[in-house]
Amino acid sequence: MTETSSSSAPFAPPPPATGLQGPRRRLLYVALYELIAIGAATAGLAALSGQGVAHSGAVAVAASAIAVAWNVVFNALFERWESRQLVRGRTLARRLAHAVGFEGGLVLALVPLMAWWFHITLWQALVMDFGLIVFFLCYTFVFNWVFDRIFGLPASAQVPV
């Protein structure tokens, strides 16, 4: 007797995930996200600090490197948590939790960097960062939604067939 691969069989392997998956998905995600973010952050920091694009661009690139490292760690942890949830898919609440968690971690790292780089207090850096925080919360939410629409959901969020 042969086993079937139907989704109702108790020991059947899960159906293959559709769309871009695994390390290739993460690499493309990070590259696209950060390229757009560097341009936006450079313009925003130059406007908020009153300093030139070159000076602001340098801190934007440093912030991007920090963000890339945090992105890899945060998304791996988030997807691990997500894969253990009973309800699959990415609801509005789950997308908001993702955006707030990701950006909250970045604030902890980037505010001290900006205070040092621009020679301002932590409070001034937090106030200056507030505009960027609001922008990046919206940007992260929209970017993730568009990315998922174009490349499909990651396996951790797909509803079993």
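Values in this document were obtained by computation on a predicted structure and should not be read as measured data.
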- Message: If hydrophobic clusters are built by linking Ile, Leu, Val, Met, Phe, Trp and Tyr wherever their side-chain heavy atoms come under 4.5 Å apart, do L77 and V100 end up in the same one?
- Response: no

- Would E82 and R88 pass as an ion pair if we require N to O under 4.0 Å? no

- Do the side chains of V107 and F78 join up, straight or via other hydrophobic residues, at under 4.5 Å, putting them in one cluster? no

- Query: Quick one: OG on S49 to CD on Q124, what's the gap to the nearest 0.5 Å?
  - Reply: 12.0 Å

- Centres of the H98 and F74 rings: under 6.0 Å? yes

- Backbone N/O of R80 and side chain of S83: donor-acceptor pair under 3.5 Å: yes

- Is a side-chain N or O of N75 found less than 3.5 angstrom from the main chain of N71, in a donor-acceptor match? yes

- Message: Testing the 3.5 Å rule here: is there a donor-acceptor pair between the side chains of S64 and E34?
- Response: yes

- Query: Does the ring centre of F143 sit less than 6.0 Å away from the ring centre of Y29?
  - Reply: yes

- Item | Criterion side chain to side chain contact (heavy atoms under 4.5 Å, CB included) on F118 and H55, from CA distance to verdict | CA-CA 9 Å; F118 293 116; H55 190 72; 3.6 Å; yes

- Between CZ on residue F135 and OG1 on residue T140, distance to nearest 0.5 Å: 8.5 Å

- Would a hydrophobic clustering, with Ile, Leu, Val, Met, Phe, Trp and Tyr connected at side-chain separations under 4.5 Å, put L32 with L137? no

- Starting at CG of L132, measure out to CG of L126 and round the result to the nearest 0.5 Å. 11.0 Å

- Item | 4.5 Å side-chain heavy-atom contact, V59 and Q51 | no

- Item | Closest approach of A60 to T42 (non-hydrogen atoms, all atoms of both residues) | CB-OG1, 3.4 Å

- Work out which heavy atom in V111 is nearest to a heavy atom in A125; give both atom names and the distance. O-CB, 3.5 Å

- Message: What's the separation between atom CE in M128 and atom CG in L45, rounded to the nearest 0.5 Å?
- Response: 5.5 Å

- From L110 atom CG to W70 atom CH2, the distance as rounded to the nearest 0.5 Å: 11.5 Å

- How close do I66 and A109 get, heavy atom to heavy atom, and via which atoms? CG2-CB, 3.9 Å

- Are L35 and F136 connected in the hydrophobic side-chain network, where two residues link if heavy atoms are under 4.5 Å apart? no

- Is it true that I133 and V127 fall in one hydrophobic cluster, defined by side-chain heavy atoms closer than 4.5 Å? yes

- Going by heavy atoms in the side chains, are L92 and F141 under 4.5 Å from each other? yes

- When rounded to the nearest 0.5 Å, the distance separating CG of L113 from CG of L108 is 13.0 Å

- Message: Between R90 (side chain only) and L153 (backbone N and O only), is there a donor and an acceptor less than 3.5 Å apart?
- Response: no

- Task: Would you check if the distance from the ring center of Y33 to the ring center of F147 is below 6.0 Å?
- Result: no

- Message: Strictly below 4.0 Å, N to O, side chains only: are R26 and E79 in salt-bridge contact?
- Response: yes

